[in-house]
Amino acid sequence: MKKSFDVVVIGTGEAGSAVAMRCRAAGRNVAIVDSRPFGGTCGLRGCDPKKVLVGAAEIIDRKRRMEGRGVAGDLRIDWPELIRFKATFTDPFPRQREDGFVQAGVEPFHGRARFLDQRSIEVGQDVLDGAHLVVAVGAWPARLGIQGEHHLTRSDQFLDLQELPRRIAFVGGGYIGFEFGHIAARAGATVTILHGGARPLKHFDHDLVARLLERTRDLGIDVRTGTKVTGVEGAPGSFKVTALTDSGPEVFEADMVVHSAGRAPEVDDLDLSAAGVEFDRRGIRVNGHLQSVSNPAVYAAGDAADSGGLPETPLAQYEGGLVAENIVEGNQRTADYLGMASVVYSIPALSAVGMTEEEAHLKGLTFTVNQADTSGWYSARRVAEPASMYKILIEKDSGRILGAHLLGPEADEFANVFALAIRADVRADALKHALFVYPTQASNMAWML
Ligand SMILES: Cc1cc2nc3c(=O)[nH]c(=O)nc-3n(C[C@H](O)[C@H](O)[C@H](O)COP(=O)(O)OP(=O)(O)OC[C@H]3O[C@@H](n4cnc5c(N)ncnc54)[C@H](O)[C@@H]3O)c2cc1C
Ligand SMILES: NC(=O)c1ccc[n+]([C@@H]2O[C@H](COP(=O)([O-])OP(=O)(O)OC[C@H]3O[C@@H](n4cnc5c(N)ncnc54)[C@H](O)[C@@H]3O)[C@@H](O)[C@H]2O)c1
């Protein structure tokens, strides 16, 4: 059936949902489409289920750290039970999200969308016309072009495992390799991370990454850098992973091999050429208003947009909101990524807000670097965390905070203070004299600035 809307949104994740709900609240007639259960990556296959598992792993790690410091006894992760607990978050979510759309008056469609022309898409038997169409299709594990690629377990499949295999190899030392590797190690698996580059987590401060790497290896996780995976063969329980290393080919054995080698915008089967929508490997090419550079009826947001924003949930939500405003009010706003923050939920967590030292140097800025190993400070010693560091970049004349990099207990929550400071332009001197509650990580600020 052919139907016409003011706005047609493809994707029910954080980006697509923000566009749909805000356009509807502004009185627009809106349709939303998804080929998978409604809700997107974050709520169903990413941040939320992952952090439930991180929560359990944190307890194991903290107990181990506190042994000999007043905590004793056996504690272990019951994996099947943990996955059932995780499912209490993910199972109800698609229905909740769809009900939310229906109650708001957004019309839901289930099926794979593909463009027919500049202003319409096909979804199963339906053809949906839109004055505006929004591509918010997210990302999916990138094709690696290696032999035996079909043997790789995706992150969404990992989050549904009923049993945790004994030996797990991760292909790629990025967010997923470190986060899932840290979880699996605390749950009792033997973990190997095979990373192609010279150093993992390349968007994070290299000194803090080096310390996290030591801490990760101390856990018994075998992290190999300069190790590019070229093939996987065998069967579950007896895989052989071939990699090219600096000293020649090497073979690793594992019961399961996990894809943690990057994600790519899921645009391949959208038939974007039928709509005249240009894209590259980073996604839909957009202008500052997040509008397609080649088809003004089309906008993009979240992981599917080549916008300059990181492929993360807060950015997907922000970009979705911005697209809605630009559709409703006519391109009044441009995207501003000042003070973007990112966290690796390893244990301990690693965070980055704003610029790294390299980026600040590239911009020709003059700045001081305040840094210290804080493992001897009260806040780290209290919880016996040996890996705890910070690095803060402050512009010399203005006192502007350019970047903040944290490793250690609550490095995720603490990053939010710096994200706010950078975005709201709270200068170092003002932050130093804020009256934060004590004892918390933020109350260390007076000694950090
Ligand atoms: C394992 C993992 C952990 C993560 N952890 C974090 C974290 O801790 N913090 C953080 O900020 N970010 C995290 N992220 C990233 C975050 O999940 C994403 O950046 C965010 O969810 C992207 O939202 P989106 O709306 O752009 O896309 P998505 O949420 O991916 O939504 C896109 C939707 O479009 C649908 N779709 C795709 N193609 C079509 C089509 N042709 N037709 C119809 N529907 C289609 C998909 O089924 C999907 O539901 C994580 C990602 C992963 C994979
Ligand atoms: N906490 C978070 O915000 C969070 C958590 C998980 C995922 N994510 C999102 O999901 C995306 C994907 O995560 P990811 O961990 O898969 O990718 P990633 O981009 O973080 O890291 C992948 C790494 O794998 C390496 N690699 C690629 N091919 C390889 C090969 N054949 N052998 C060895 N190494 C190889 C790459 O050099 C790269 O550094 C992230 O970019 C992020 O946007 C975010």
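Every number for a ligand or one of its atoms is a count from 1 in the order of the listing. Just so you know, these numbers come straight off a predicted model, no measurement behind them.
Remark: ligand 2 atoms within the under-4.0 Å shell around heavy atoms of Ile176 are 6 (C), 7 (C), 13 (O), 14 (P), 15 (O), 16 (O). Using a 4.0 Å cut-off to heavy atoms of Lys202, the atoms of ligand 2 that qualify are 38 (C), 39 (O).
The 12-atom threshold is not exceeded at CD of Gln147, counting heavy atoms of other residues, nucleotides or ligands nearer than 6.0 Å.
At least one heavy atom of Pro314 sits under 4.0 Å from some atom of ligand 1. Heavy-atom separations between Arg114 and ligand 1 are all 4.0 Å or longer.
Between the choices Tyr175, Phe178, Phe180, Tyr345, the shortest heavy-atom distance to atom 6 (C) of ligand 2 belongs to Tyr175. Nearest to atom 18 (C) of ligand 1 by heavy atom, out of Thr41, Leu44, Asp303, is Asp303.
Residue Glu179 places no N or O, backbone or side chain, under 3.5 Å from any N or O of ligand 1.
Using a 4.0 Å cut-off between heavy atoms, Asp156 makes no contact with ligand 1 at all.
Each of His405, Gln371, Lys391 was compared with Glu357 under the side chain to side chain donor-acceptor pair (under 3.5 Å) criterion, and only Lys391 meets it.
Closest to atom 20 (C) of ligand 1, if we only count protein heavy atoms, is Thr313 OG1, 3.8 Å.
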Given the rule in the ring pair (Phe, Tyr, Trp, His ring centres under 6.0 Å) test, do Phe109 and Phe101 qualify, once you have shown the distances and angles that lead to the verdict?
-> CA-CA 11 Å; Phe109 290 85; Phe101 290 138; over 10 Å; no

